Amino acid sequence: MNEFKEMLKEAFVGEEPYDPSPGREALLASLRKLEGRDRTLRWMMWFAVTFMMAVAVWAGWSFFQAEESDVRELVLYATLFAFACQGIGWAKMFLFTTQKDLSVLKELKRVQMMMLQHQPSGSGRDNG
């Protein structure tokens with residue numbers, strides 16, 4: 001059972017060992033890492049949205065410029081337009097849900113850092 005716990009920990013945390021009480025530097029490094037992931041994700045998703053938008057505009061323009069007698073070409077452009085619009089929607093939804101997850105993780109790290117700052121320095125209880 002202990003080996004199974006280690007596998008689960010490794011799956012959720014990664015290769016980094018689990019630290020139940022990280023220091024301030026570790027929390028700040030974790031926040032910077034999450035902000036870097038967020039920035040990279042935004043760049044990648046907006047690149048994907050821009051590319052799909054270009055495909056949709058091209059397919060729409062080509063659809064209206066195509067000859068009416070070539071049905072295969074019309075179906076191709078209409079299908080490309082529909083899939084590009086769907087790709088835009090999926091990319092935006094993926095960006096939104098992943099950003100919400102990352103914002104929750106960042107807020108948890110900030111709360112953990114605040115708790116670390118307000119933690120009493122003594123190890124015993126205050127008898128008042």
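Sequence positions, counted from 1, serve as the residue numbers for this chain. As the structure is a computational prediction, the values presented were derived from the model and not from experiment.
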Here the gap from Asp70 atom CG to Glu67 atom CD, rounded to the nearest 0.5 Å, amounts to 7.0 Å
I'd like to know if Arg110 and Glu35 make a salt bridge, using a cut-off of under 4.0 Å between side-chain N and carboxylate O. yes
> More than 12 foreign heavy atoms under 6.0 Å from CD of Gln65: is that the case here?
Replying inline: yes
inquiry  = Please say yes or no: joined through hydrophobic side-chain contacts below 4.5 Å, possibly via intermediate residues, are Val57 and Phe64 part of one cluster?
reply    = no
**Study point:** Trp46 with Leu41, same ILVMFWY side-chain cluster at under 4.5 Å
**Key:** yes
Could you tabulate the donor-acceptor pairs under 3.5 Å formed by side-chain atoms of residues 75-95, not counting sequence neighbours?
from: Tyr77; atom 1: OH; to: Glu73; atom 2: OE2; distance (Å): 3.2
from: Thr79; atom 1: OG1; to: Val75; atom 2: O; distance (Å): 2.7

Rounding to 0.5 Å, atoms CE (Met45) and OG1 (Thr98) come to a distance of 7.5 Å
- Query: Are Phe51 and Trp58 connected in a single hydrophobic cluster, I mean Ile/Leu/Val/Met/Phe/Trp/Tyr linked by side-chain heavy atoms less than 4.5 Å apart?
  - Reply: no
Worksheet item: Do Ser62 side-chain atoms and Ala59 backbone N/O form a donor-acceptor pair below 3.5 Å?
Response: no
